[in-house]
Amino acid sequence: MKKIICMLCSMLCAVELTSLTSYAAITSRKQSAIQNGTSVRVKVEAKGLYNQDCYDAYYGCMDQFCITDNTSGGSCACSDDITKYEKELNDIQATLIEADRIRTEEVEKVKAGANADIIFAGRREYDDKGNVKTLDKLSDKTSKEKRRLSLEAIFNNAFTEEDDTEFSTDLIADQTGSELFASAEQVCMAQIPESCDKDVRLLRQMYSRQIVSDCTGLKNSIATQKAKADLELLNANNELRAALKESFDDANKYNQGECMVEFKKCMQKEDACGTNWVNCVSTIASENMQNKKAKST
């Protein structure tokens, strides 16, 4: 009886030891997998799901409408998000234009100082009080003239009622987003063989997913472009501030006493009043008489 009990105990111990060993091995593998990480799975190429000719016909036709040559957004033109992205791209362009304007105009105005109106406007004008008009006022007058000419051009080139009848507001070229997608597919379905009807549902879903992917790529590209444009504007404003500081420091490098000394030195140069004011004797005498410091010239 004791032998039987001992044999049973030995068997139980062996089973328990084996279980513990297996559990440790499994745990070790799990930890190894977690530590090593996993790679992103590559998209599997679809085979046998659709006819390749149907795929080429559907995608090729839709691409003619959804992919434009003037954007990097792929087929995102057939997404309703394209309006938002186009506005963001226009804002980026406006930021770059403003940065360039600050560098080429504002900085040069500061450096040109009092001669800025001559350099940029080609003229100098005075107001009723005899003060020189600022460059901003001259530029405003110029911009108003440009706007007037622009409005005249629009009026002269306006469509007549006969012209309106030649154009349709439903042209597919004027459509964007989901409206463009629907119109493009309507055109394409008329060109695709009827044998592709069974594949169209899958192809439509695949193309819709491609549109989402292209819009994501465009969104990321816009974010990068915006960051660069904002940096350009920041650098341009820094250059303007540096120019203003340099102009301020140069205009205020002397205190009041030093200014009088420098002014006297300047006035006593040979091309001015000369040493001892010999070139300005008549002027000085006239002033002395006005101040009742002399009885004759």
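All heavy atoms count here, side chains included; hydrogens, waters and symmetry mates do not.
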Could you list the residues that satisfy side chain to side chain donor-acceptor pair (under 3.5 Å) with [X], not counting sequence neighbours?
X    : value
K219 : none
Y59  : none
S213 : none
N220 : none

With respect to the side-chain SG atoms, do C66 and C76 come within less than 2.5 Å?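 C66 does not pair with C76 as a disulfide (SG atoms not under 2.5 Å apart), so no.
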For the backbone of Y50 and the side chain of D199, can you confirm whether one donor and one acceptor N or O come within less than 3.5 Å of each other? no
Under a 3.5 Å distance rule, please check whether N238 uses its side chain to pair with a backbone N or O of L234 as donor and acceptor.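 Side chain of N238 to backbone of L234: a pair is present.
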Have Q210 and D214 got a donor and an acceptor in their side chains that come within less than 3.5 Å? yes
Which atom of [X] lies closest to which atom of [Y], heavy atoms considered:
X    : Y    : answer
Q225 : L89  : OE1-CD2, 3.9 Å
I222 : I92  : O-CD1, 3.6 Å
T275 : E270 : OG1-OE2, 3.6 Å
A99  : A236 : O-CB, 3.5 Å

Does anything in residues 218-237 form a ring-ring contact (aromatic ring centres under 6.0 Å, His included)? List the pairs, not counting sequence neighbours. none
Not counting sequence neighbours, list each pair that qualifies as a salt bridge (Lys or Arg N to Asp or Glu O under 4.0 Å) and has a residue in residues 221-243.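 Qualifying pairs: R103-E232, R103-E239, K226-D230.
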For [X], check salt bridge (charged side-chain N to carboxylate O under 4.0 Å, His left out) against everything at least two apart and list the hits.
X    : result
R204 : E185
E88  : none
D91  : K87
D197 : none

Are L202 and Y55 side-chain neighbours, meaning at least one heavy-atom pair lies under 4.5 Å?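 No, side chains not in contact.
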Y58 vs M206, side chain to side chain contact (heavy atoms under 4.5 Å, CB included): CA-CA, chis, key distance, verdict: CA-CA 11 Å; Y58 184 85; M206 292 171 58; over 6 Å; no
How would you list, by chain and number, every residue that makes a side chain to side chain contact (heavy atoms under 4.5 Å, CB included) with D53, sequence neighbours excluded?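 With sequence neighbours excluded, D53 shows a side chain to side chain contact (heavy atoms under 4.5 Å, CB included) to N51, given in chain and number order.
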Side-chain donor-acceptor pairs under 3.5 Å in residues 77-85, sequence neighbours left out?
| from | atom 1 | to | atom 2 | distance (Å) |
| --- | --- | --- | --- | --- |
| S79 | OG | D81 | N | 3.1 |
| D80 | OD1 | S178 | N | 2.9 |
| D80 | OD1 | S178 | OG | 3.1 |
| D80 | OD2 | S178 | OG | 3.3 |

Between atom [atom1] of [X] and atom [atom2] of [Y], what is the distance when rounded to the nearest 0.5 Å?
X    : Y    : atom1 : atom2 : answer
I192 : M62  : CD1   : CE    : 8.5 Å
S183 : D174 : OG    : CG    : 11.0 Å
L233 : I97  : CG    : CD1   : 12.0 Å
R201 : L203 : CZ    : CG    : 12.5 Å

Give a yes or no on whether E194 atom CD has more than 12 heavy-atom contacts from other residues, nucleotides or ligands under 6.0 Å away.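 Atom CD in E194 is not packed in, count stays at 12 or less.
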Show the numbers, then the answer: is there a side-chain hydrogen bond (donor to acceptor under 3.5 Å, both in side chains) between Q52 and D56? CA-CA 6 Å; Q52 186 62 41; D56 294 339; 3.0 Å; yes
Would F181 end up clustered with V212 when hydrophobic side chains under 4.5 Å apart are linked, directly or stepwise?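 Not linked; separate clusters.
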